[in-house]
Number of protein chains: 2
Amino acid sequence: MAVATLTHDPLDGRQRVLNAAAERFVDQGYAATTLRQIAADAGIKAGSIYHHFPSKEALFAAVLEDGIRVMESAFEGAETHDRSADLLQAHVRAHLGALFEHGPFTAAHVTAFFTAPQVVREAIVPVRDRYERLWNTLLGQVLPELEPLRRPVARLLLFGAMNSTIEWFDPAGDLSLDELAQLITEHFLHGVRA
Amino acid sequence: MAVATLTHDPLDGRQRVLNAAAERFVDQGYAATTLRQIAADAGIKAGSIYHHFPSKEALFAAVLEDGIRVMESAFEGAETHDRSADLLQAHVRAHLGALFEHGPFTAAHVTAFFTAPQVVREAIVPVRDRYERLWNTLLGQVLPELEPLRRPVARLLLFGAMNSTIEWFDPAGDLSLDELAQLITEHFLHGVRA
DNA sequence: GTCTATAGGGAGATAGAC
DNA sequence: GTCTATCTCCCTATAGAC
């Protein structure tokens with residue numbers, strides 16, 4: 001039965017390599033991470049990685065693409081509320097969930113993206129743009145009174161607030177992810193004196 | 001006369017190495033930067049770097065220490081205003097000035113700090129703590145009504161807003177640094193609807 | 001203070017057996 | 001799909017001349 005095979009390892013080799021790579025890239029950055037480390041984490045030898053990915057660069061690009069996919073599906077899953085403030089908070093919660101609850105793929109965009117070789121960064125920019133446009137649209141809905149020209153800056157400030165939490169927020173600490181999402185949303189809308 | 005010597009190169013070898021290193025580390029991260037690149041930028045050979053610094057790690061630590069020094073002296077230079085909102089804005093402007101107007105040393109803390117070997121990161125933490133305490137004290141003055149328990153999070157959100165500008169702000173663009181400081185301060189205090 | 005030369009190690013990538 | 005073995009390259013760091 002299928003359950004029996006799960007007692008061995010539920011993930012195929014490619015996925016184990018991808019998971020190990022994401023974790024290493026997030027912790028150490030691109031250049032400091034070696035294929036030998038990734039292979040050891042995945043339980044294989046370095047040369048075997050090339051059966052799944054043509055190069056170290058392609059492996060990192062695959063990690064980043066998966067990260068965007070996690071963010072986009074979280075964003076789409078947040079379309080449940082109707083009050084405008086709650087709609088925003090639901091999406092902030094979704095983005096934070098992608099960062100902290102769905103593996104290191106999304107976090108790679110925050111901590112490791114700028115350590116990647118330029119060719120990898122440039123290849124992933126169009127995919128990131130798509131996600132940013134989702135947020136532009138959302139901000140236009142939630143804050144119709146905000147001048148369109150100020151929307152991009154507002155989005156960048158919100159991204160800065162959400163993504164910088166990766167440096168200090170501990171999901172196992174006193175503050176829950178729900179509370180963090182509420183805090184960031186209210187701060188974004190009304191400032192510290194909220 | 002002294003001026004005549006300046007027509008050759010006003011910086012001694014050690015300072016040229018330090019400047020070149022800061023720029024490379026900011027752009028490429030720690031591991032991707034080689035001593036050969038730094039030496040070439042500074043106009044010397046790689047082996048000569050060891051006359052000024054005992055190791056690549058020590059060189060990066062020196063860059064980070066200079067970065068903190070720039071931030072601290074900018075912070076101290078901002079103690080000129082008295083209205084509480086202006087006092088905060090003056091310090092935000094000082095921090096942004098340290099990031100964008102005084103070479104790449106401060107920026108290294110934002111873009112390259114997490115690419116450093118753990119031993120370098122740990123060595124620099126006490127120096128960073130000192131700077132963060134300056135901001136805790138300032139926030140206590142400017143926002144006396146803010147619950148003390150919420151101050152650390154407020155500071156982290158403000159740091160996130162200021163430091164994330166390194167990814168998108170262009171000092172040569174339409175928005176000036178003064179305007180950016182005002183925008184971030186008002187957003188921090190009152191939110192987007194300000 | 002900078003050079004040349006090089007030691008010693010480890011990186012990404014490839015070839016071919018199983 | 002994974003292995004072993006290895007190629008080639010380039011890294012940090014050192015030694016000693018000038």
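What you are looking at is a predicted structure, and each value in this text was computed from that prediction instead of being measured. Sequence lines set the chain letters: A, B, ... in the order given, protein chains first and strands last, and positions in each chain run from 1.
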Under a 4.0 Å heavy-atom cut-off, which of residues 58-67 of chain A touch DNA chain C?
-> none

Can you give one letter per nucleotide of nucleotides 13-18 of chain C, 5' to 3': B if a protein heavy atom sits under 4.0 Å from the base, S if only from the sugar-phosphate, - if neither?
-> BB----

Which value, rounded to the nearest 0.5 Å, describes the distance between B:Arg150 atom CZ and A:Leu183 atom CG?
-> 5.5 Å

Between NE2 of B:His52 and C1' of D:dA13 the distance, given in whole Å, is 16 Å

Can you list every pair that meets salt bridge (charged side-chain N to carboxylate O under 4.0 Å, His left out) and has a residue in residues 18-44 of chain B, with sequence neighbours left out?
-> B:Arg24-B:Asp41

Does any residue of residues 113-122 of chain B have a heavy atom under 4.0 Å from DNA chain C, and if so, which ones, in number order?
-> none

Please set out all donor-acceptor pairs under 3.5 angstrom arising from side-chain atoms of residues 136-146 of chain A, sequence neighbours excluded.
unit_1   : atom_1 : unit_2   : atom_2 : d
A:Asn136 : OD1    : A:Arg155 : NH1    : 3.0
A:Thr137 : OG1    : A:Arg133 : O      : 3.0
A:Glu145 : OE2    : B:Arg193 : NH1    : 2.7

Atom-to-atom span, CG of B:Leu11 to P of C:dT2 - whole angstrom | 12 Å

Residue pairs fulfilling salt bridge (charged side-chain N to carboxylate O under 4.0 Å, His left out) with at least one residue in residues 53-70 of chain B, sequence neighbours excluded | B:Asp66-B:Arg69

Give the rounded distance in Å between these two atoms: CD of B:Gln15 and P of C:dG1.
-> 14 Å

Using the test salt bridge (Lys or Arg N to Asp or Glu O under 4.0 Å), find all partners of B:Glu76 that sit at least two apart in sequence or belong to another chain.
-> none

Considering only heavy side-chain atoms of B:Thr34, the closest of D:dC11, D:dT4, C:dG12 is D:dC11

Sequence neighbours excluded, the answer for side-chain hydrogen bond (donor to acceptor under 3.5 Å, both in side chains) partners of A:Glu79 is A:His91

Can you tell me which residue pairs pass the salt bridge (charged side-chain N to carboxylate O under 4.0 Å, His left out) test with a partner in residues 100-126 of chain B, sequence neighbours excluded?
-> B:Arg93-B:Glu101

Which pairs with one or both residues in residues 150-193 of chain B pass ring pair (Phe, Tyr, Trp, His ring centres under 6.0 Å), sequence neighbours excluded?
-> A:His187-B:Phe188, A:Phe188-B:His187, B:His95-B:Phe159, B:Phe100-B:Phe169, B:Trp135-B:Phe159

What residues form a side-chain hydrogen bond (donor to acceptor under 3.5 Å, both in side chains) with A:Thr33, not counting sequence neighbours?
-> A:Gln28

Sequence neighbours left out, what pairs pass side-chain hydrogen bond (donor to acceptor under 3.5 Å, both in side chains) with at least one residue falling in residues 104-119 of chain A?
-> A:His109-A:Arg128

